[in-house]
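Quick one: the structure is below, questions incoming.
For this chain, numbers begin at 1 and follow the sequence in order.
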Amino acid sequence: MRFIHTGDIHLGAAPENKKPWAAGRGDEIWNTFEQLIKKIKLEPVDMLIIAGDLFHRQPLLRELKEVDYLFSTIPDTKIVLCAGNHDAIKKGSFYDGFQWCENVIFLGDKNIQKVEIPELNVCVYGLSYHQTEIQDALYDHVIVDRPDMINILVAHGGDEKHIPINKKKIAMSGFDYVALGHIHKPSIDEKYKMAYCGSLEPIDVNDMGDRGYIYGEVDKKGLEVELVPFAKRIYVNLDFTVTPTATNMEIRHRLSDILKEKGPDNMYRITFNGYRDPDFEINVEEIENVGNIVSVEDTTVPDYDFEELFEENKDNILGMFIGKFVNEKELTRLQRKTLYYGTKALMDAMEDRI
């Protein structure tokens, strides 16, 4: 049985909406989900599993209808989904009583339910959140009662406030695959036959690295799964080394070339390190206009002339500090960092007193 496992899609979210370059991120999340459905239409799978948080908040009725239309375009694929903590089925939710198209199995009960799909020889288990927090380990004690079928658990959770998950206990339940959601970082645990699909698109700056879906094949003989990158953009940590001769224009040009190479659509958290001229400051505002920059951190230190500073400050605490290092033939990396950062801190403190 071939399947795609996704979740934490968060339709309705608008990441980085305060950044001018991110004005269309909300639409991109919808578009990536639509592209996934189109991919399944072109390359059919037997089952699409959505392990919670399809929406970022309570879905509007028109949004459910849009999603249901997309599902109707892949009628030969069984779609199994549940509500997570973000789109929990609260009083008045349009999830409640919504009539899905025929190929959709909505695990909408607050207790674990089982649905058999005879044509696939599959039995799926799962539940939906009816409140935003559930502290009980609801998945720990589920036991499959049809070992002759392929048994799949759709489980949204994994922290103290959102259905804690004990992998060992769940593994003992007899499932052939456990499709996990809620944790946005994708991970595959072959030993316990389970995986977090991660978010289809990165939702905030903590969602670093590749994002996509899990493609898998499972039968009673075994399981094979892999992460397939699919997001339009990903968050990237970028370390940029500055030299004492650097200028702001040079930094902008070098950074622009790096972003083109690593992917202009991606979103970057930049950390500047290295040594700069003591009279030079990085123009952060200009840097933020180079590309899709989420944040900039400047950890550079001034490239001081320590012998000159020592001679000028022999009679104060700065000179005493530098004097511990200037007579060393060769400084270790740690000593060099200590000298630079310590000198900067002391000089800043001395300037504040003036």
Donor-acceptor contact present, side-chain Arg62 to main-chain Pro59, <3.5 Å: no
Test ring-ring contact (aromatic ring centres under 6.0 Å, His included) applied to Tyr125 and Phe175, step by step: CA-CA 10 Å; Tyr125 295 72; Phe175 289 104; 5.2 Å; yes
Parallel, tilted or perpendicular, as decided by the 30° and 60° cut-offs, for the rings of Phe55 and Tyr95: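 Tyr95 vs Phe55 ring planes: perpendicular.
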All pairs passing salt bridge (charged side-chain N to carboxylate O under 4.0 Å, His left out) where residues 153-169 contributes a residue, at least two apart: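 Salt bridge (charged side-chain N to carboxylate O under 4.0 Å, His left out) check on residues 153-169 returns Lys167-Asp189.
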Trace of the ring-ring contact (aromatic ring centres under 6.0 Å, His included) decision for Tyr177 with His5: CA-CA 10 Å; Tyr177 181 62; His5 163 205; 5.7 Å; yes
Lys/Arg N to Asp/Glu carboxylate O, Arg25 vs Glu201, below 4.0 Å: yes
Donor-acceptor pair, side chain of Asn103 and main chain of Thr77, under 3.5 angstrom: yes
Residues clustering with Met149 (ILVMFWY side chains joined when closer than 4.5 Å, directly or via others):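 Once heavy-atom contacts under 4.5 Å are chained together, Met149 still belongs with nothing else.
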Polar side-chain atom of His86 near backbone of His56 as donor-acceptor pair, under 3.5 Å: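 Answer holds: yes.
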Test: Arg57 and Glu63 ion pair at under 4.0 Å: yes
Within 6.0 angstrom of Lys110 NZ, more than 12 heavy atoms from elsewhere: no
Heavy-atom closest pair, residues Leu331 and Gln335: CA-OE1, 3.5 Å
Aromatic plane relationship, Phe230 with Tyr213 - under 30° parallel, 30 to 60° tilted, over 60° perpendicular: perpendicular
Any Thr132 side-chain heavy atom under 4.5 Å of Lys90 side chain: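 Yes, side chains in contact.
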Main-chain N/O of His156 paired with Tyr129 side-chain donor or acceptor, under 3.5 Å: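 Such a contact is found between Tyr129 side chain and His156 backbone.
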Under 3.5 Å donor-acceptor, Ser173 side chain and Ile143 backbone: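 Flag not set: sc Ser173 to bb Ile143 has no pair under 3.5 Å.
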Ion pair Lys38/Glu34, N-O distance below 4.0 Å: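 A salt bridge is present here (some side-chain N lies under 4.0 Å from a carboxylate O).
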Polar side-chain atom of Gln131 near backbone of Glu133 as donor-acceptor pair, under 3.5 Å: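 Checking the backbone N and O of Glu133 against the side chain of Gln131, a donor-acceptor pair under 3.5 Å is found.
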Phe272 and Phe240 aromatic ring geometry - parallel, tilted or perpendicular at 30°/60° bounds: perpendicular
Asp303 side-chain N/O to Asp277 backbone N/O, donor-acceptor pair under 3.5 Å: no
Over all atoms of both residues, closest heavy-atom pair of Gly126 and Leu107: CA-CD1, 3.7 Å
Glu119/Lys78 ion pair, N-O < 4.0 Å: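 Looking at Lys78 together with Glu119, the answer is yes, because their closest N to O distance falls below 4.0 Å.
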Side-chain (Lys193) to main-chain (Ala171) donor-acceptor, under 3.5 angstrom: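 Such a contact is absent between Lys193 side chain and Ala171 backbone.
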Student check: side-chain heavy atoms of Val45 and Ile40 closer than 4.5 Å: yes
For Ala83 against Phe106, the heavy-atom pair lying closest together: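 In terms of heavy atoms, the two residues are closest at N-CE1, 4.0 Å.
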Asp145 atom CG, neighbour heavy-atom count above 12 within 6.0 Å: yes
Heavy-atom side-chain proximity of Tyr341 to Leu346 below 4.5 angstrom: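 The answer is no, as the side chains (C-beta and beyond) never meet within the 4.5 Å cut-off.
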Evaluation steps, salt bridge (charged side-chain N to carboxylate O under 4.0 Å, His left out), between Asp265 and Lys232: CA-CA 7 Å; Asp265 286 337; Lys232 177 177 176 56; 3.6 Å; yes
Non-hydrogen atoms of Cys82 and Ala51 that approach each other most closely: SG-C, 4.0 Å
Smallest separation among heavy atoms of Asn292 and Pro264, with atom names: ND2-O, 3.1 Å
Separation of Asp298 CG from Arg276 CZ (nearest 0.5 Å): 6.0 Å
Over all atoms of both residues, closest heavy-atom pair of Phe321 and Thr338: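 Looking at all heavy atoms of both residues, the shortest contact is CZ-O, 3.5 Å.
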Asp239 and its side chain to side chain contact (heavy atoms under 4.5 Å, CB included) partner, picked from Asn273, Ile270, Thr299: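 Of the listed options, the one satisfying the test is Asn273.
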Non-hydrogen side-chain atoms of Leu127 and Ile163 separated by less than 4.5 Å: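 A side-chain contact exists here, since the closest heavy-atom pair is under 4.5 Å.
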Salt bridge (Lys or Arg N to Asp or Glu O under 4.0 Å) partners for Glu250, two or more places apart: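 Glu250 satisfies salt bridge (Lys or Arg N to Asp or Glu O under 4.0 Å) with Arg254 only.
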Partner of Ile203 under side chain to side chain contact (heavy atoms under 4.5 Å, CB included), chosen from Ile29, Asp8, Ile9: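 The option that passes is Ile29.
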Ring-face cation contact, Phe325 with Arg336, 6.0 Å cut, 45° max: no
Heavy atoms from other residues, nucleotides or ligands near CD of Gln35 exceed 12 (cutoff 6.0 Å): yes
Glu288 atom CD, over 12 foreign heavy atoms within 6.0 Å: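 Yes, CD of Glu288 has more than 12 neighbouring heavy atoms, counting only those of other groups under 6.0 Å.
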Ion pair check, Lys220 and Asp176, cut-off under 4.0 Å: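 Salt bridge: yes.
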Backbone of Ala88 reached by a side-chain donor or acceptor of Asp53 within 3.5 Å: no
Plane angle bin for His182 and His162 - parallel if under 30°, tilted between 30 and 60°, otherwise perpendicular: tilted
Side-chain donor/acceptor of Asp96 to backbone N/O of Gly92, under 3.5 Å: no
Derivation of the ring-ring contact (aromatic ring centres under 6.0 Å, His included) call for Tyr340 and Phe306: CA-CA 9 Å; Tyr340 274 89; Phe306 290 107; 5.0 Å; yes
